[in-house]
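What follows is a set of notes on a single structure, which appears directly below.
We number each residue from 1, following the sequence as shown.
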Amino acid sequence: MLGPVILAASRSDRMRRLISAAPVTKQVVDRFIPGETVDDIVPVVEDLTSRGLELTMDVVGEDITSPEQAAAARDAYLRLIDRIKDLELGPRVEMSVKLSMFGQALPGGHELALANVRPVVEAAAAIGTTVTLDAEDHTTLDSMFAIHEELRKDFPQTGCVIQAYLFRTEADARRLAASGSRVRLVKGAYKEPAEVAYQNKHEIDKAYVRILRTLMEGDGYPMVGSHDPRLISIAQELARTAGRKLDEYEFQMLFGIRGEEHLRLAAEGHRMRVYTAYGTDWYGYFMRRLAEKPANLRFFLRSMISRG
């Protein structure tokens, strides 16, 4: 039951100030967010790719309040893509973007977010990689899916994320499981009301499996976003049953969580992509990582106690 409380705290300025001021916070945040700048992240990218892993990169930051901030977010991704080009790692490193960071919540935000994300998608395609549109709370999804559809007209490899805990997602999965699509399935990490989302973990897990079966049996490219050992095993079985080869789907996990499992899956020949975030506006991202898994919260609290 702590998850909803933590998610509520992720929107609290008071909690942001309190947690940011704690001496231990940076030490713990570094477990999930291994740098603040492009220069910080380059060695991480080189290390992970040298181990047979692929990456999806997220420049953290969501609470955009002006068109200027949205443009700055766009430019941050363009700088990242330039560095990935210099490293000649384009085919191994994609981008994940939250449209809220590109101005989606501002007046005229749908058009603004599309205008800001398009140059990022174009630049990614130019170095042989792509962009995945992250899902946020349910009120933003119609806009996200419309932008996804628009981008795919010119860049069909553009991916999107769907969330198992939302009632709508089974229908979304059937629509998206088409040839050429790239769809990441996650459980969901936002506080959603009972009118639109499952609240019980068991129900969420059952929905996840149903939706994953739809994706595996479809004609698109499923991306399995989970750290749950049981769901990973189920995903492998669903892939085998659907006749998928190892390069016809992939696993995705967060940087800092189950690192040994990343390497194990890669060693078995699976495509294993590490979701790697960096930047200074880390608070919302960090709090959702705590909410997603009780072990993350325990790690944070133990660290605070030991440092105390």
Side-chain angles (χ1 to χ4, degrees), residues 26-62 73-74 76-98 100-102 117 120-121 123-124 127-136 158-161 182 184-187 189 223-227 232 250-266 270-293 296 299-300:
K26 185 178 188 306
Q27 171 195 345
V28 181
V29 168
D30 287 347
R31 171 178 174 171
F32 304 109
I33 304 175
E36 294 188 348
T37 69
V38 174
D39 288 339
D40 291 338
I41 211 69
V42 164
V44 177
V45 172
E46 292 178 317
D47 176 61
L48 293 176
T49 53
S50 73
R51 296 169 180 247
L53 302 169
E54 300 182 41
L55 285 83
T56 185
M57 304 295 299
D58 175 10
V59 183
V60 293
E62 301 160 41
R74 174 202 64 205
Y77 271 97
L78 293 175
R79 286 193 296 273
L80 170 62
I81 291 169
D82 280 342
R83 292 301 295 274
I84 299 302
K85 177 183 178 181
D86 292 342
L87 296 173
E88 299 182 350
L89 289 172
R92 310 259 324 262
V93 182
E94 68 155 37
M95 312 297 140
S96 285
V97 304
K98 290 180 174 59
S100 61
M101 192 174 176
F102 289 82
V117 76
V120 176
V121 175
I127 68 167
T129 191
T130 188
V131 170
T132 295
L133 306 183
D134 277 338
E136 300 181 71
T158 305
C160 69
V161 176
R182 297 172 62 257
R184 180 197 304 149
L185 175 63
V186 300
K187 289 186 180 181
M223 300 180 284
V224 184
S226 178
H227 306 96
I232 291 167
E250 68 182 49
F251 292 101
Q252 296 193 3
M253 299 186 195
L254 297 169
F255 180 91
I257 300 179
R258 301 199 71 202
E260 292 183 359
E261 181 70 354
H262 303 176
L263 297 174
R264 184 188 72 81
L265 289 168
H270 292 284
R271 295 190 69 181
M272 175 62 229
R273 193 178 300 276
V274 184
Y275 191 109
T276 307
Y278 75 97
T280 57
D281 191 11
W282 50 264
Y283 179 75
Y285 179 90
F286 174 67
M287 293 297 283
R288 279 194 299 281
R289 301 296 76 78
L290 296 184
E292 283 175 345
K293 190 175 182 184
N296 295 340
F299 173 80
F300 181 52

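Atoms CZ and CD, on Arg182 and Glu250 in that order, are 6.5 Å from each other to the nearest 0.5 Å. Taking CG from Leu254 and NE2 from His227, the interatomic distance works out to 4.0 Å, rounded to the nearest 0.5 Å. The structure places CG of Asp47 at 11.0 Å from CD1 of Ile41, a figure rounded to the nearest 0.5 Å.
Looking at heavy atoms from C-beta onward, Val161 lies in side-chain contact with Thr132 at the 4.5 angstrom threshold. In this structure, the side chains of Asp134 and Tyr275 come closer than 4.5 Å at one or more pairs of heavy atoms. In this structure, the side chains of Ile232 and Arg258 come closer than 4.5 Å at one or more pairs of heavy atoms. Within the 4.5 Å cutoff, side-chain heavy atoms of Lys98 are placed close to those of Asp58. Leu53 is listed as a side-chain neighbour of Leu263, based on a closest heavy-atom distance under 4.5 Å. Considering only heavy atoms from C-beta on, Thr276 stays 4.5 Å or farther from Val45 through its side chain.
Considering every non-hydrogen atom in both Tyr77 and Val59, the closest pair reads OH-N, 3.0 Å. The minimum heavy-atom distance linking Tyr278 with Ile33 is given by the pair CA-CG2, 3.6 Å.
Results of the side chain to side chain contact (heavy atoms under 4.5 Å, CB included) test with Thr49 over Leu87, Val44, Leu55 single out Leu55 as the only residue that passes.
Residues meeting the side-chain hydrogen bond (donor to acceptor under 3.5 Å, both in side chains) test with Glu46, sequence neighbours left out: none.
Within the structure, every pair that satisfies the salt bridge (Lys or Arg N to Asp or Glu O under 4.0 Å) test and touches residues 81-93, not counting sequence neighbours, is listed here: Asp39-Arg83.
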Trace of the side chain to side chain contact (heavy atoms under 4.5 Å, CB included) decision for His262 with Phe255: CA-CA 9 Å; His262 303 176; Phe255 180 91; 5.9 Å; no
